[in-house]
Visitor: 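I have a structure here, written as structure tokens, and I will follow up with some questions on it.
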Amino acid sequence: MKEQTPQVRWERRTQRPLLALAVLFAVAYAVPIVVSPASPSLTLACTAVEWAVWGAFAVDYLVRLVLAEDRRRFVRTHWLDLCAVVLPLIQPLRLLRLVSTLVLVQRRARMASQIRLTTYVAGAVVGLLMFGSLAVLSVERESADGNIRTLGDAVWWSFTTMTTVGYGDHAPTTGLGRMIAVGLMLSGIALLGVVTANIAAWFIARFEKDDVEERRQTEAIRLLTDEVRALRAEVAALQEGSVRQ
């Protein structure tokens with residue numbers, strides 16, 4: 001059995017704690033938006049939790065970089081992780097911490113072999129709906145021309161945007177809100193493509209399995225037929241020999 005590298009052992013041991021921290025981040029991100037207006041102390045506490053979770057993912061990236069056998073190759077193959085770690089430092093916006101944490105969670109979750117595609121897609125849909133709703137509500141609620149004022153409006157808008165239905169009854173009016181909308185639309189199209197491809201692959205695999213089984217049965221029948229013919233030829237030869245005697 002091949003011995004695991006220190007990097008792989010670290011990733012396996014920290015996967016669940018980091019996912020738990022991601023859930024904590026989701027709660028800290030949602031509370032000041034849902035509880036409006038939030039007290040300064042509550043907002044400060046939630047902001048501290050968000051930065052702490054982001055810091056944990058940043059430390060995780062640095063540890064994996066140190067443990068990597070080829071660090072240059074690690075940076076090249078994990079450039080998206082690096083961007084997600086550096087992104088919140090460029091501009092202290094809560095939305096950037098949200099995006100970077102979602103990217104890092106997604107990258108780490110993909111390393112888990114036990115997470116199947118269906119579970120991953122379902123989690124991605126729920127996560128995008130939740131964070132998309134909260135993000136657009138946080139930037140549109142205070143807009144003078146905004147029409148997304150409540151969490152219900154935001155959730156409904158996220159559903160219609162991800163499915164690219166776009167009824168138009170609710171729409172973002174700010175530049176940041178429209179950027180969120182673009183991200184949700186692209187994500188919805190991508191997830192729909194993954195689900196469609198997964199269903200098609202299942203049907204193809206099923207048909208191929210049936211085709212292999214049918215060919216196996218056909219081959220078995222052919223071999224049995226050949227054996228019967230050979231037996232008939234032997235019986236006929238024996239009968240012919242007995243008649244001559």
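Just so it is clear, the structure is predicted and the values come from calculations on it, not from any experiment. Residue numbers run from 1 in the order of the sequence given.
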Visitor: Checking T225 now: which residues fulfil side-chain hydrogen bond (donor to acceptor under 3.5 Å, both in side chains) with it, not counting sequence neighbours?
Guide: none

Visitor: Can you sort out the partners of R216 under side-chain hydrogen bond (donor to acceptor under 3.5 Å, both in side chains), two or more places apart, ordered by chain and number?
Guide: E213

Visitor: Just wondering, do N147 and D153 contact through their side chains at under 4.5 Å, heavy atoms?
Guide: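 No. Closest side-chain heavy atoms not under 4.5 Å.
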
Visitor: For R215, give me all partners under salt bridge (charged side-chain N to carboxylate O under 4.0 Å, His left out), at least two apart in sequence or on another chain.
Guide: D211

Visitor: Search all heavy atoms of W157 against all heavy atoms of A181 and return the closest pair with its distance.
Guide: CZ2-CB, 3.4 Å

Visitor: Please enumerate all residues that pass salt bridge (charged side-chain N to carboxylate O under 4.0 Å, His left out) together with E69, with sequence neighbours excluded.
Guide: none

Visitor: What do you reckon, are the aromatic ring centroids of F25 and F57 less than 6.0 Å apart?
Guide: no

Visitor: Please determine whether residues M185 and I148 belong to a single hydrophobic cluster, defined as Ile, Leu, Val, Met, Phe, Trp and Tyr linked transitively by side-chain heavy-atom distances below 4.5 Å.
Guide: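 Result: no, two separate clusters.
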
Visitor: Is there a donor-acceptor pair under 3.5 Å between the side chain of R141 and the backbone N or O of I33?
Guide: yes

Visitor: With rounding to the nearest 0.5 Å, note down the distance linking CG in L128 to OG1 in T161.
Guide: 12.0 Å

Visitor: Who pairs with T174 by side-chain hydrogen bond (donor to acceptor under 3.5 Å, both in side chains), at least two apart in sequence or on another chain?
Guide: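 Here the qualifying residues are E140.
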
Visitor: Between CG of L67 and CZ of F74, what distance do you get to the nearest 0.5 Å?
Guide: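 Taking CG in L67 and CZ in F74, the distance rounds to 9.0 Å.
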
Visitor: Linking I/L/V/M/F/W/Y whenever any side-chain heavy atoms sit under 4.5 Å apart, do L62 and W51 land together?
Guide: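 Both belong to a single hydrophobic cluster.
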
Visitor: Check step by step if side chain to side chain contact (heavy atoms under 4.5 Å, CB included) holds for W156 and D169.
Guide: CA-CA 10 Å; W156 171 250; D169 50 350; 2.9 Å; yes

Visitor: Are any of the side-chain heavy atoms of H170 and T160 separated by less than 4.5 Å?
Guide: no

Visitor: Testing the basics here: between A135 and Y29, what is the closest heavy-atom pair and its distance to 0.1 Å?
Guide: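 In terms of heavy atoms, the two residues are closest at CA-OH, 3.4 Å.
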
Visitor: I'd like to know if the side chain of S158 and the backbone of S133 have a donor-acceptor N/O pair within less than 3.5 Å.
Guide: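 Yes; at least one donor-acceptor contact below 3.5 Å.
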
Visitor: If you round to the nearest 0.5 Å, how far is CG of L184 from OG1 of T163?
Guide: 10.5 Å

Visitor: Tracing side-chain links under 4.5 Å among I, L, V, M, F, W and Y, which residues wind up in one group with I221?
Guide: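 Under the 4.5 Å side-chain rule, I221 groups with nothing.
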
